[in-house]
Amino acid sequence: MQFCEECESWLNSCGDFDSGRRISELSRLPARFVSSVEERAELEKRKRLIIQILDRRHDQARDSVPGENVEDLLEKFATFVQLLNRPAHKKSTFAANPVVLKNEYDLQHLLYAYLRPVYTDLRSEHTLDDGYLAVRADFSIENETIIETKFTRDGMTEAKLAEEIAADSLRYPAAHIIFLIADPARIIADPEQFRRNYERKVPQKMIRILILS
């Protein structure tokens, strides 16, 4: 009974209330059985059904797209930065010292603080082995999702940025790679076209490009 209650609680915490309710129903046996043989048979039947429910939930979690929630958070990162720079109270020290991203290190520092409370396994400057040479990613989550930051500057060209993205897409040994690009130098002429050109160009990898506006 306690096991069923724990399973129900776990499923509800995952948002799978239908499965949680089904396990709760299966845990409630009829008041009496005609014989002990009938009782054992009913117990075995219900146990198999509970295992099927748990297996299905496990498969759904395993087959979910790695990092899709990370993308949702990163989409909101630009808004987060903008809100940090909203007018502060005159007594706040932030009024005289607004948060301004001046280079890639600033971007990485703020991004780590933004993601780390949500993804406790987030690693920065993480060295990975691609089978030939060691490569270092800006951020990684469970070795499945890599986040690479780019910060444009004066003198940098759109072609150079594209070249870096193409090289990184090939060398990082992860199935899901997200490029978070801050473009204060405004070198990307058409952000939407740029994104379409370089996403999903590498076989067996999911490439995503997010450009901070």
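Computation of the quantities below employed the complete heavy-atom set of this structure, encompassing side-chain atoms and omitting hydrogens, waters and symmetry-equivalent molecules.
- Residue Arg195 holds its CZ atom at 10.5 Å from CG of Asp190, rounded to the nearest 0.5 Å.
- In this structure, OH in Tyr112 is found 10.5 Å from CZ in Arg123, a value given to the nearest 0.5 Å.
- Counting only heavy atoms from C-beta outward, the side chains of Ser140 and Ile147 never approach each other to under 4.5 Å.
- Around CZ of Phe80, the count of heavy atoms belonging to other residues, nucleotides or ligands within 6.0 Å exceeds 12.
- Leu84 and Tyr105 are assigned to two separate hydrophobic clusters, defined by single-linkage of ILVMFWY side chains at heavy-atom distances under 4.5 Å.
- Of all heavy-atom pairs spanning Tyr172 and Arg136, the tightest one is OH-O, 3.2 Å.
- If you check the side chains of Thr120 and Arg116, you find no donor sitting under 3.5 Å from an acceptor.
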side-chain contact (heavy atoms from CB on, under 4.5 Å) between Leu107 and Leu212, worked out: CA-CA 11 Å; Leu107 175 60; Leu212 301 181; 4.1 Å; yes
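- Rounding to the nearest 0.5 Å places CD1 of Ile146 at 9.0 Å from CZ of Arg171.
- Taking each heavy atom of Ile165 and Tyr198 in turn, the nearest pair found is CG2-CB, 4.4 Å.
- Residues Lys205 and Leu170 approach most closely at NZ-O, 3.3 Å, considering heavy atoms.
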Stepwise side-chain contact (heavy atoms from CB on, under 4.5 Å) test for His176 and Ile178: CA-CA 7 Å; His176 187 225; Ile178 305 171; 3.5 Å; yes
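- We find the CD-CG distance between Glu71 and Leu74 to be 7.5 Å, quoted to the nearest 0.5 Å.
- With a 4.5 Å cut-off on side-chain heavy atoms, Phe194 and Ile211 count as touching.
- Using a 4.5 Å cut-off on side-chain heavy atoms (C-beta onward), Thr145 and Phe139 make no contact.
- Side-chain contact check for Leu180 versus Glu148: every heavy-atom pair is 4.5 Å or farther apart.
- Note on Glu192 versus Arg196: salt bridge recorded, some NZ/NE/NH1/NH2 to OD/OE distance being below 4.0 Å.
- Using a 4.0 Å cut-off between charged nitrogen and carboxylate oxygen, Lys150 and Asp138 do not count as a salt-bridge pair.
- Counting only N and O atoms by type, the side chains of Glu104 and His109 include no donor and acceptor under 3.5 Å apart.
- Around atom CG of Asp121, more than 12 heavy atoms belonging to other residues, nucleotides or ligands sit under 6.0 Å away.
- With salt bridges taken as basic N to acidic carboxylate O contacts below 4.0 Å, one links Glu42 and Arg46.
- Residues Val70 and Tyr119 share a closest heavy-atom pair of N-OH, 3.2 Å.
- A donor-acceptor pair is defined here as one N or O able to donate and one able to accept, closer than 3.5 Å; such a pair exists between the side chain of Asp183 and the backbone of Ile187.
- Using a distance-only test at 3.5 Å, with no hydrogens or angles considered, no donor-acceptor pair links the side chain of Tyr114 to the main chain of Val81.
- Counting heavy atoms from C-beta on, the side chains of Arg40 and Glu44 never come closer than 4.5 Å.
- The two atoms that bring Ser169 and Ile177 nearest to each other are O-CD1, 3.7 Å, heavy atoms only.
- Taking each heavy atom of Ala189 and Glu158 in turn, the nearest pair found is N-OE1, 3.4 Å.
- Taken from CG in Leu122 to CD in Glu142, the straight-line distance is 11.0 Å, to the nearest 0.5 Å.
- No side-chain heavy atom of Glu75 sits under 4.5 Å from any side-chain heavy atom of Arg208.
- Looking at Arg22 and Leu49, their side chains come closer than 4.5 Å, going by heavy atoms from C-beta outward.
- For Thr152 (side chain) and Ala185 (main-chain N/O), a donor-acceptor pair under 3.5 Å exists by modelled atom type.
- Within the 4.5 Å cutoff, the side chain of Phe77 has no heavy atoms near those of the Leu115 side chain.
- With rounding to the nearest 0.5 angstrom, the CD atom of Gln108 is 11.5 Å from the CG atom of Leu110.
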